[in-house]
Every structure is written in C-alpha cells, then in structure tokens.
Amino acid sequence: ANTPAIPVTQDTQTQASDTGVEPSTATTATNPVEAVPNTTAAQAEVTPLILRATEAFNAGNTSGTDGALPLLRQVWAIDRQDPNARALLNKVIAQQQQQTENRINLNKTEEAKASLTQTDDLIREFTLTDRIEEQVRLESQIEIREREQREAGDLVQQAKAAIKRGELS
C-alpha cells in the first residue's frame with residue numbers, strides 16, 4: 001500500500017525468476033520501474049492536512065486548535081510514515097529547541113525546562129529520533145545553568161552572612 005516501487009535490476013530479475021514469478025512480468029534493467037506517487041484514499045486525506053499544517057507552522061501557529069501540531073496528529077493517525085509529516089514535525093521540534101536555547105541564554109531556566117519537557121513529549125509521541133542529540137545538549141546546558149545559579153546563590157548567602165558578622169562592608 002505505502003511501499004514505493006523499487007527499480008528492477010538484473011539482480012532483482014534473477015530473484016524474481018527464482019521465486020517463481022513469470023519472467024514476462026519482470027522488467028529489464030534498461031526500463032526501470034518508476035516510483036508512482038501514492039494515490040490512495042489515505043494520501044488524498046493526508047495531503048491537505050499537511051498543507052494546512054505547513055501554512056500554520058509558517059504563520060507561527062504550532063499548537064493552537066488550528067495549529068501545525070493538531071493537524072500533524074491527524075496525519076499521524078492516518079499515516080505514521082508520511083515523509084512530509086516527519087519533515088514538518090522535525091521542523092516543529094527544531095523550532096522548539098531553538099526557543100529553549102533562547103530561554104537558556106536569557107537565564108530563564110524554568111521556562112527553558114518547561115519548553116524542553118514539551119519537546120521531549122513530542123519526540124516520544126511521534127517517535128522521532130532525529131533531534132535527540134540536540135535535546136541532550138540542551139538538557140546539559142540547563143543543568144550547567146542551574147548549577148551556576150545555585151553556586152551564585154550560595155556565594156550571595158555567604159557574603160550576606162559575612163556582612164552580618166561584620167567581616168565585609
């Protein structure tokens with residue numbers, strides 16, 4: 001149903017004849033089978049959803065009721081292997097990761113953590129592994145930033161205590 005046509009070569013001709021397929025149905029190496037676009041009812045249903053999801057994404061609407069993610073979820077329910085849906089999902093995740101990094105750079109650690117959690121949820125929901133390396137890098141950046149903030153807080157507390165004791169002015 002969703003399997004692309006495979007060009008027939010001499011090797012596949014041999015395999016076809018070895019498996020009992022009539023030689024007259026095998027295509028010669030000089031005449032490869034062309035991939036035919038999937039024109040199934042599912043594809044007819046998926047294509048307009050992907051187009052709307054792309055328009056929503058380009059307009060900056062990812063999670064609204066008419067946003068890219070709800071539309072992509074509809075696509076996913078029909079066809080989890082659609083390459084256009086996967087590509088757009090990867091763009092959505094990359095955009096969220098960029099927003100997470102921006103929040104880290106602005107020292108908005110809690111917002112960055114929340115954004116990272118949302119992205120983790122999307123990666124799990126859609127089983128997309130392409131962006132995991134970036135996700136791990138961002139998690140590491142957040143941990144470093146949190147440690148730096150704790151250490152700075154500890155130093156401030158030590159300074160305040162020293163001031164109270166009269167050791168600093």
Side-chain angles (χ1 to χ4, degrees), residues 1-12 15-16 27 29-153:
N2 282 344
T3 57
I6 299 171
V8 177
T9 62
Q10 192 63 37
D11 293 334
T12 54
Q15 291 169 353
T27 308
T30 57
N31 185 13
V33 175
E34 293 186 27
V36 177
N38 188 348
T39 56
T40 64
Q43 190 63 33
E45 193 176 350
V46 162
T47 300
L49 289 170
I50 291 173
L51 291 173
R52 286 177 40 215
T54 302
E55 289 172 11
F57 176 79
N58 290 337
N61 180 5
T62 6
S63 55
T65 53
D66 59 344
L69 282 172
L71 292 165
L72 287 168
R73 284 184 177 104
Q74 291 177 43
V75 171
W76 215 244
I78 299 164
D79 182 3
R80 290 179 168 264
Q81 299 305 316
D82 187 275
N84 295 316
R86 285 186 164 291
L88 188 54
L89 282 164
N90 275 313
K91 285 183 181 182
V92 169
I93 289 170
Q95 180 185 60
Q96 285 194 318
Q97 288 174 328
Q98 182 60 52
Q99 290 170 353
T100 300
E101 185 153 25
N102 292 344
R103 290 175 177 131
I104 291 169
N105 292 336
L106 294 170
N107 284 324
K108 295 182 176 183
T109 311
E110 289 307 310
E111 289 178 28
K113 284 172 69 173
S115 178
L116 195 69
T117 299
Q118 289 175 339
T119 308
D120 272 341
D121 292 345
L122 285 177
I123 288 171
R124 280 188 192 87
E125 177 182 353
F126 295 106
T127 58
L128 296 173
T129 56
D130 299 355
R131 305 287 311 171
I132 287 180
E133 189 174 313
E134 177 68 3
Q135 196 72 356
V136 170
R137 186 186 71 77
L138 291 169
E139 288 171 357
S140 180
Q141 278 190 325
I142 288 174
E143 289 170 8
I144 290 167
R145 199 57 59 105
E146 285 179 323
R147 186 175 61 245
E148 289 170 346
Q149 289 173 348
R150 276 193 309 275
E151 291 169 357

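Residue numbers run from 1 in the order of the sequence given.
Atom OG1 of T127 is separated from atom CG of L89 by 9.5 Å, given to the nearest 0.5 angstrom. Taking CG from D130 and CD from Q135, the interatomic distance works out to 12.5 Å, rounded to the nearest 0.5 Å. One finds the CD1 atom of I123 at 9.0 Å from the OG1 atom of T129 (value rounded to the nearest 0.5 Å). Note that the CD1 atom of I93 and the CG atom of D120 stand 10.0 Å from one another [nearest 0.5 Å]. The line from OG1 of T62 to CD of Q99 is 6.5 Å long, rounded to the nearest 0.5 Å.
Here the side chains of V75 and L88 are not in contact, with every heavy-atom distance at 4.5 Å or above. Contact annotation: the side chain of K91 never approaches that of R131 to less than 4.5 Å [non-hydrogen atoms, C-beta and beyond]. At a threshold of 4.5 Å between non-hydrogen side-chain atoms, the residues D66 and N61 count as touching. Side-chain contact between Q74 and L71: present, with at least one pair of heavy atoms (C-beta onward) separated by less than 4.5 Å. Between E125 and W76 the shortest side-chain heavy-atom distance does not fall below 4.5 Å. Put simply, the side chain of V136 reaches to within 4.5 Å of the side chain of I132, judged on heavy atoms. Residues D82 and Q43 meet the side-chain proximity criterion, which asks for heavy atoms closer than 4.5 Å.
Among L138, I142, L116, the single residue meeting the side-chain contact (heavy atoms from CB on, under 4.5 Å) criterion with E101 is L138.
Under a 4.0 Å N-O distance rule, the pair E134/R137 qualifies as a salt bridge.
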Give the C-alpha distance, both sets of side-chain angles, the deciding distance and a yes or no for side-chain contact (heavy atoms from CB on, under 4.5 Å) between L49 and R52. CA-CA 5 Å; L49 289 170; R52 286 177 40 215; 3.8 Å; yes
I'd like to know whether L128 forms a side-chain contact (heavy atoms from CB on, under 4.5 Å) with N90, so could you lay out the CA-CA distance, the side-chain angles of the two residues, the decisive distance to 0.1 Å, and finally the verdict. CA-CA 8 Å; L128 296 173; N90 275 313; 4.2 Å; yes
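A donor and an acceptor atom, one from each side chain of N107 and R145, are located under 3.5 Å apart. No donor-acceptor contact under 3.5 angstrom links the side chains of Q96 and T100, judged on distance only.
For R86, the CZ atom is densely surrounded, since the number of other residues' heavy atoms within 6.0 Å is greater than 12.
Residues G64 and P70 share a closest heavy-atom pair of O-CG, 3.1 Å. The two residues A53 and A68 make their nearest non-hydrogen contact at O-CB, 3.4 Å. The nearest pair of heavy atoms linking L72 to F126 is O-CE2, 4.4 Å.
Using a distance-only test at 3.5 Å, with no hydrogens or angles considered, no donor-acceptor pair links the side chain of S115 to the main chain of E111.
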